[in-house]
Amino acid sequence: MMKIAVAKGDGIGPEIMDAVLTIFKANNVNLEYEVVEMGKWVFDKGHSNGMTPEAQQTIENLGILFKGPMETPKGKGVKSVNVTARKTWNTYANKRVFQTLHGDTVFSKAGILIDITIVRENIEDTYGGIEHMLTHDVALSRRFITRPGSMQVIKYAFEMARKKNAKRITCGHKSNIMKITDGLFVECFYEIAKDYPELKADDVIVDDLCMKLVTRPDLFDVVVLTNLQGDIVSDLCAGLVGGLGFAPSANIGDHICIFEAVHGTAPDIAGKNIANPTALLLSGLTMLRHLGFMENAATIENALLYTLEQGIHTGDFGDKTKKSVNTTEFADAVIANFGKMPKQGAKPTWPNKPVTPTVFKLEKNPLIVSKEMEEETIVGVDMFIESIEQPTEIAEKCLKHTLGIFKLVTISNRGTQVWPKGSVFTNLVNQYFCRFESIGDAPLSQTDIIELYKRLSADFKINSTELLNMWGDKKAYSLAQGQ
Ligand code: NAD
């Protein structure tokens, strides 16, 4: 029998996990569960990553973790157990399914069926948390979007869309402004789209996407986004279908996958047996489908939809004039409705075809590097300097240090050009960005850059630098305003 790891979690975790596993058992899901020690209570026992070494080993051996919500320990520098798990096992894709489930929302009342799957990149972007105060007044966050990282998550999104017979897959982005980072993500999207001609692949600027999701959510199917934009758009979608109590989540990696609800430990209602197990049940259904238990997943989901259509609800949602049920009674109602079909959105039943997860023993960190396509040359450098002088004074000093090989191209402040042209209305902070390029795009060495750094440091505090590279005849950096 296939075995998976189960971590019940903190707060309402054990109650809702027990309810879900009771439903699975009643439906004869052919799975065995190994309960592992993980959560805030394990952190409190002295395990700084929130899991015992035995739990980590079991999860890595089995490849699948079904987890309840876990409380984030308080204290500066302490990482969330949930984030640690996603990072430790490199679960690069976060999949969340949002569908109209009960009659409480504007859309369900209007008879508009929503069934949107959001795939969010789960590792990169500003979530690396690489941040610095460059001056007392200026904070900087680094945003990493990588080609292999984008390819991994987008490939997963297309494969998943193909498996679920999706019609449309949309890339949400902001490449009109972030031409290099989001531009790379969109480029990867269309490169992968070539291998999936049956899917209509398109892209939408993320602000426009938000508006369209609210006005016509029924027009979307699968949407793939970078980390931060995906985080925000996911919660927007949760709002469309009635809140986080109905939002399942799967964190997908090449080696380990984690299935959990989006919501937290709900400390305000923990231990009362009144929590809504729907989101965790839906996460469990995503897991059953991932493992090939198609028939079980469809039977349980149809019973859940039927139960919700009957108006049966826990205290957090539904018709307040109708008495709510508790967690165990809700699970019992779902079990009693096995075999019943909902009026709306019934799930098709396919036979079970269990797929045992492939578990790899890793000796070294996998290297995900794409082939270099063009020759790289350094043609300049951006120097970030601290100063409270006026732009012309800064330019005068910079121009003394060009060593006969650099030209000063532009100076900007918070991304707005202030030299050679600028507006006197621009408010200045104590942080300038000075772009130096080689004369005639001649190739430079790192030693040339160090020499410029040395010379400039006599006049300024330099708090960051970025090389300007050319890939063949293509600039690997964005043009500064006014260039
Ligand atoms: P929360 O999701 O736990 O609770 C927000 C509100 O929603 C509360 O009023 C709660 O009672 C209600 N709620 C949540 N889930 C519910 C359910 N299944 N049934 C009925 N009502 C439900 O968010 P929070 O209070 O911000 O976080 C509490 C703890 O959970 C924190 O320590 C946080 O870090 C953690 N957390 C964990 C995860 C995770 O494990 N993936 C996710 C989010 C938050």
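The chain is numbered in sequence order, starting from 1. Each ligand, and each atom within it, is numbered from 1 in the order the structure gives.
Enclosure of atom NZ in K320 by more than 12 non-hydrogen atoms of other residues, nucleotides or ligands within 6.0 angstrom is indicated. The environment of NZ in K25 is sparse: at most 12 heavy-atom neighbours from other residues, nucleotides or ligands sit within 6.0 Å.
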Next on the checklist: Could you walk me through whether T328 and N273 satisfy the side chain to side chain donor-acceptor pair (under 3.5 Å) test, starting with their C-alpha distance in whole Å, then the side-chain angles of each, then the deciding distance to 0.1 Å, before giving a yes or no?
Outcome noted: CA-CA 7 Å; T328 11; N273 191 32; 2.7 Å; yes
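Across all non-hydrogen atoms, the minimal contact from L428 to Y432 is CD1-OH, 3.2 Å.
Here the rule is side-chain hydrogen bond (donor to acceptor under 3.5 Å, both in side chains) with N61, and of K3, K361, E34, Q56 only K361 fits it.
Proximity of the aromatic rings of F259 and H290 is defined here by a centroid distance below 6.0 angstrom, and this criterion is met.
Protein residues with any heavy atom under 4.0 Å from ligand 1: I12, K67, P69, M70, E71, T72, N82, R86, E260, V262, H263, G264, T265, A266, P267, D268, I269, A275, N276, D316.
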